[in-house]
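Notes to accompany the following structure.
This chain uses plain numbering: 1 for the first residue, then up along the sequence. The figures that follow rest on heavy atoms only: side chains count, while hydrogens, waters and symmetry mates do not.
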Amino acid sequence: MKKLSFLLCLSFLIINSCKESKSKTSETLAISETKAETILPKTMLSKEFKDYWYNGEAEITSYKLEQARYGEMRDGTAVMVFVTEDFLPEEQVKADTYSKKNTPVLKLNATKNFNTGIYPYSIMQSTFYPVVNNEHAIKVSASIQEWCGHVYTQLNNRRDFEIMSHSYFQNEADQNFNIEKTWTENELWTKLRIDPKTLPTGEIDIIPSLEYTRLRHKAIKAYKAIASLDNGTYTLSYPDLNRTLKIQFNPQFPFEINGWEETSVSGYGSSAQPLKTKATKLESITSPYWSKNSNADEDLRATLKLQ
C-alpha cells in the first residue's frame, strides 16, 4: 500500500509539473505573439525610391565642416555616401552575390576630416539600415584616428545589441558587452532618407552616435532624449548630456541632408564651453565611385569641392 501511495503521489506531481511547464510555454508563446503584433509595418518602396536608389550609383555629398574640439573651432570637410547594397543577415557584412536571403540595406558612410593644431583627425561611421524601415540598423561601426592613437567601435544587432570596442585609452581599452535594443542616433540619418515621417518623436531612449560617445568618452548606452520633427528639421535634445543635434533636410524626396548643427560642451577644465559644430552642404553627385579610382578621376574631388 505504501508503495502504491508513493507511486500515485509521484504520478500526480509529474502530471502537474507537465501542466505547469505547458502553461509557461503557452504564456511564452503568447508574449512572443504579442511582440510580433507590435512590429511596425514595412515601408512600401515607391517607383521613385527604386529609380533613385537602385540605379547602380551612390549619392555623395560634401560639406563644409566647422568642428568643435578641445574647446576651439576647427575647419574641415565632411562627406556622406549613401548607397544601397545586399547584406548578409547572419554574418552582417556586405554580400558578394545576390540571394533572396540577403537583407537589402541603405548604407551610410559618413566621414569627417579636420586638424587640431599640428595633428589631423579622421573619423568614419558606417550604418547599415534595412530599407524595409521597420527595424533597427543591422550594424553600426565607427573609427577615429589621430596622432595620439585610434579607436574602433562596432554594434551588431542580434538577440541584443552586441558592442565591441577597442581604444588606446586605459579606461576604455578592449570591451565586449551587450545592451538592450533601442533607437540609435546613427540609424536615424538613414531612416530619414527613406521616410522622415517615420522618425521617432517625443521622449525616447536612444544611443548617441558612436562618434560622440568615443570623442567624449561617454558610456555606450541609451540616454533620454526629446525628439521633434518640424518642416525639414529633425532635432534631438539630450538633457543629461547637455547636447542638441539638429539635422536640416529637404522635406521632398529624396530628402537630401542639407547640413546639421550639434551643440555641446567642448574642451576640458577651464577651457570647457558650449560650442556649435556645423556642417553646410557644398556639392552633391551620384556616381559608381568604387570604379572611379584612376588619377584622372581626381577631378571629381574638385567637383565636390574637396580640393
Side-chain angles (χ1 to χ4, degrees), residues 63-80 108 110-117 119-125 127 140-146 148 150-153 155 163 165 167 169 171-172 179 182-189 191-192 199-230 232-249 257-281:
Y63 301 86
K64 175 188 176 183
L65 179 66
E66 300 167 66
Q67 177 72 42
R69 188 64 177 150
Y70 302 128
E72 295 183 286
M73 299 304 301
R74 323 289 178 154
D75 292 329
T77 57
V79 175
M80 284 192 163
L108 167 60
T111 67
K112 285 182 176 182
N113 294 92
F114 57 92
N115 295 329
T116 53
Y119 63 93
Y121 262 81
S122 179
I123 301 172
M124 181 170 177
Q125 298 184 93
T127 304
V140 180
S141 62
S143 58
I144 302 173
Q145 302 88 37
E146 38 98 0
C148 295
H150 61 111
V151 299
Y152 177 79
T153 305
L155 178 155
I163 310 294
S165 185
S167 171
F169 287 102
N171 292 335
E172 295 169 352
I179 57 179
T182 187
W183 294 108
T184 67
E185 184 180 306
N186 289 86
E187 72 191 359
L188 298 186
W189 297 79
K191 187 176 181 66
L192 184 158
L199 289 166
T201 56
E203 184 175 299
I204 61 174
D205 293 325
I206 183 169
I207 301 168
S209 72
L210 296 183
E211 172 196 327
Y212 173 79
T213 56
R214 296 305 79 192
L215 286 178
R216 296 298 300 167
H217 307 293
K218 298 292 185 181
I220 302 173
K221 65 176 187 177
Y223 295 82
K224 293 291 182 184
I226 306 299
S228 62
L229 180 63
D230 181 27
T233 300
Y234 184 65
T235 304
L236 285 171
S237 297
Y238 296 83
D240 293 341
L241 298 175
N242 193 19
R243 173 176 178 255
T244 299
L245 172 68
K246 292 184 177 182
I247 306 173
Q248 294 105 17
F249 64 94
I257 294 173
N258 296 322
W260 63 91
E261 295 179 357
E262 178 187 357
T263 304
S264 64
V265 175
S266 179
Y268 302 94
S270 59
S271 67
Q273 59 179 319
L275 292 177
K276 182 184 292 184
T277 290
K278 185 177 181 180
T280 307
K281 183 178 177 180

Donor-acceptor contact present, side-chain Thr153 to main-chain Ser165, <3.5 Å: no
Taking all heavy atoms of [X] and all of [Y], pick out the closest pair and write down the distance.
X: Thr182; Y: Glu187; value: O-OE2, 4.1 Å
X: Phe114; Y: Asp75; value: CB-O, 3.7 Å
X: Asn186; Y: Ser209; value: OD1-CA, 3.2 Å
X: Ser266; Y: Tyr70; value: OG-N, 3.4 Å
X: Gln125; Y: Glu211; value: OE1-N, 3.0 Å
X: Met80; Y: Ala110; value: CG-CB, 4.4 Å

Filter on salt bridge (Lys or Arg N to Asp or Glu O under 4.0 Å), then keep only pairs touching residues 262-275, sequence neighbours left out; what's left? Arg243-Glu262
Determine whether Tyr212 and Lys218 make a side-chain contact, defined as any pair of heavy atoms from C-beta on separated by less than 4.5 Å. yes
Mind checking side chain to side chain contact (heavy atoms under 4.5 Å, CB included) for [X] and listing every partner two or more places apart, or none if nothing turns up?
X: Gln248; value: Thr233, Lys246, Glu261
X: His217; value: Phe169, Glu172, Tyr268
X: Tyr152; value: Ser141, Ser143, Gln154, Met164
X: Pro120; value: Asn115, Trp147

Crowded around Lys278 NZ? As in, over 12 foreign heavy atoms under 6.0 Å? no
Distance from [X] atom [atom1] to [Y] atom [atom2], nearest 0.5 Å?
X: Ile163; Y: Leu210; atom1: CD1; atom2: CG; value: 7.0 Å
X: Ile207; Y: Trp183; atom1: CD1; atom2: CH2; value: 12.0 Å
X: Tyr63; Y: Asn258; atom1: OH; atom2: CG; value: 7.0 Å
X: Ile220; Y: Arg214; atom1: CD1; atom2: CZ; value: 4.0 Å
X: Leu65; Y: Asn113; atom1: CG; atom2: CG; value: 9.0 Å
X: Glu185; Y: Ile247; atom1: CD; atom2: CD1; value: 7.0 Å

Among Ile257, Leu245, Leu188, side chain to side chain contact (heavy atoms under 4.5 Å, CB included) partner for Tyr234: Leu188
Anything under 3.5 Å between a donor and an acceptor, one on a side chain of residues 221-229, the other on a protein residue two or more places apart or in another chain? List them.
| unit_1 | atom_1 | unit_2 | atom_2 | d |
| --- | --- | --- | --- | --- |
| Tyr223 | OH | Ala219 | O | 2.9 |
| Lys224 | NZ | Asp205 | OD1 | 2.9 |

